[in-house]
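Single-structure report; data block below.
Not measured: the values here are computed from a predicted model.
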Amino acid sequence: MATDGRYDCSPKRKSSSSSAKRKHLQANLAGIKNMRRLPDAIFVVDSSNEAIAVKEARKLGIPVVAVVDTNCDPTVVDYVIPGNDDALRAIRLFTSKIADSIVEGAAAATDKQFVAEVAGVTSDIQAVAEPEPAAEAAPEAEPEPEPTEVVDLEAALGGGIRKAPAIVAALEEAEAAEGGF
């Protein structure tokens, strides 16, 4: 309405209330305005205070990582971080560690993609540069990679178990590197 001039045609009281509503929506929803997909996980500091966000995330199947104090219900949270959710220093510590882990995980993911792309390009170049081996020559036997054991968590622990997203793994790595919180 502000861009096409409908505020000018409407009464002053209505345009003022519409403008206030627009500012309110802009302040509260600007962060999710341009989201193209659902987040992989959400991080909540106080799950009882943010109960609506936790409920919505559970409805949408988004894993919830939360700092849980003694006054919170840990059953509504997928990944519990025990800690004080009232102290400002603790909140700053938790959020900074989570943010650092997310940045580090994103950098590691792009590094893996880059290495895979470079490996693919170099193998293509080597294939073009090296002639085909003669049929008489025996190809070198490459050692087979060791098979990794795949454990089905849902079968081992019962139904309803979600697999840990990358954020939780990054958090555990950061916690191990720092010697715990």
Side-chain angles (χ1 to χ4, degrees), residues 1-4 6-7 14-113 116 148-178 180-181:
M1 290 174 61
T3 57
D4 65 0
R6 284 189 279 169
Y7 276 159
K14 184 175 180 175
S15 64
S16 139
S17 68
S18 297
S19 176
K21 285 180 186 178
R22 185 179 56 83
K23 287 179 184 176
H24 176 73
L25 289 173
Q26 179 67 23
N28 291 320
L29 301 176
I32 63 171
K33 182 178 174 182
N34 296 324
M35 284 180 62
R36 300 286 181 235
R37 62 181 182 86
L38 290 175
D40 294 328
I42 65 166
F43 174 69
V44 178
V45 173
D46 187 0
S47 62
S48 63
N49 192 29
E50 301 295 336
I52 295 172
V54 172
K55 230 183 249 184
E56 289 295 321
R58 296 200 47 90
K59 281 181 186 177
L60 294 172
I62 301 169
V64 178
V65 180
V67 177
V68 176
D69 203 352
T70 55
N71 61 348
C72 298
D73 182 16
T75 60
V76 298
V77 176
D78 295 314
Y79 303 101
V80 177
I81 302 172
N84 187 3
D85 59 10
D86 300 322
L88 188 59
R89 266 183 67 193
I91 293 169
R92 284 186 182 148
L93 175 72
F94 285 124
T95 54
S96 68
K97 292 296 181 184
I98 291 288
D100 292 344
S101 298
I102 290 170
V103 169
E104 186 178 322
T110 57
D111 288 345
K112 283 183 181 178
Q113 290 172 348
T148 57
E149 183 180 346
V150 177
V151 177
D152 185 14
L153 292 177
E154 291 182 10
L157 300 174
I161 303 298
R162 291 187 182 159
K163 310 266 187 315
I167 187 172
V168 175
L171 176 64
E172 289 171 354
E173 288 177 15
E175 183 178 325
E178 293 288 324
F181 285 116

Which donor-acceptor pairs under 3.5 Å do the side chains of residues 85-95 make with protein atoms, sequence neighbours left out?
unit_1 : atom_1 : unit_2 : atom_2 : d
T95    : OG1    : I91    : O      : 2.8
T95    : OG1    : R92    : O      : 3.2

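Note that the CG atom of D69 and the CG atom of N49 stand 12.0 Å from one another [nearest 0.5 Å]. Taking CD1 of I52 as the start and CD of E50 as the end, the distance is 8.5 Å to the nearest 0.5 Å. L38 CG to I62 CD1: the interatomic distance, rounded to the nearest 0.5 Å, is 4.5 Å. Distance check, rounded to the nearest 0.5 Å: OG of S19 to CZ of R22 gives 5.0 Å.
With sequence neighbours excluded, the residues forming a side chain to side chain donor-acceptor pair (under 3.5 Å) with T75 are D73, listed by chain and number. For E56, the salt bridge (charged side-chain N to carboxylate O under 4.0 Å, His left out) criterion is met by K59, not counting sequence neighbours. Under the side chain to side chain donor-acceptor pair (under 3.5 Å) criterion, N34 pairs with no residue, sequence neighbours left out. In this structure S48 satisfies the side chain to side chain contact (heavy atoms under 4.5 Å, CB included) test together with D46, C72, sequence neighbours excluded. Under the side chain to side chain contact (heavy atoms under 4.5 Å, CB included) criterion, L25 pairs with L29, not counting sequence neighbours.
Residue I81 forms a side-chain contact (heavy atoms from CB on, under 4.5 Å) with just one option from V68, V45, V65, and that option is V65.
Here the closest non-hydrogen pair linking V76 and R58 is O-CD, 3.1 Å.
At a threshold of 4.5 Å between non-hydrogen side-chain atoms, the residues V44 and V64 count as touching.
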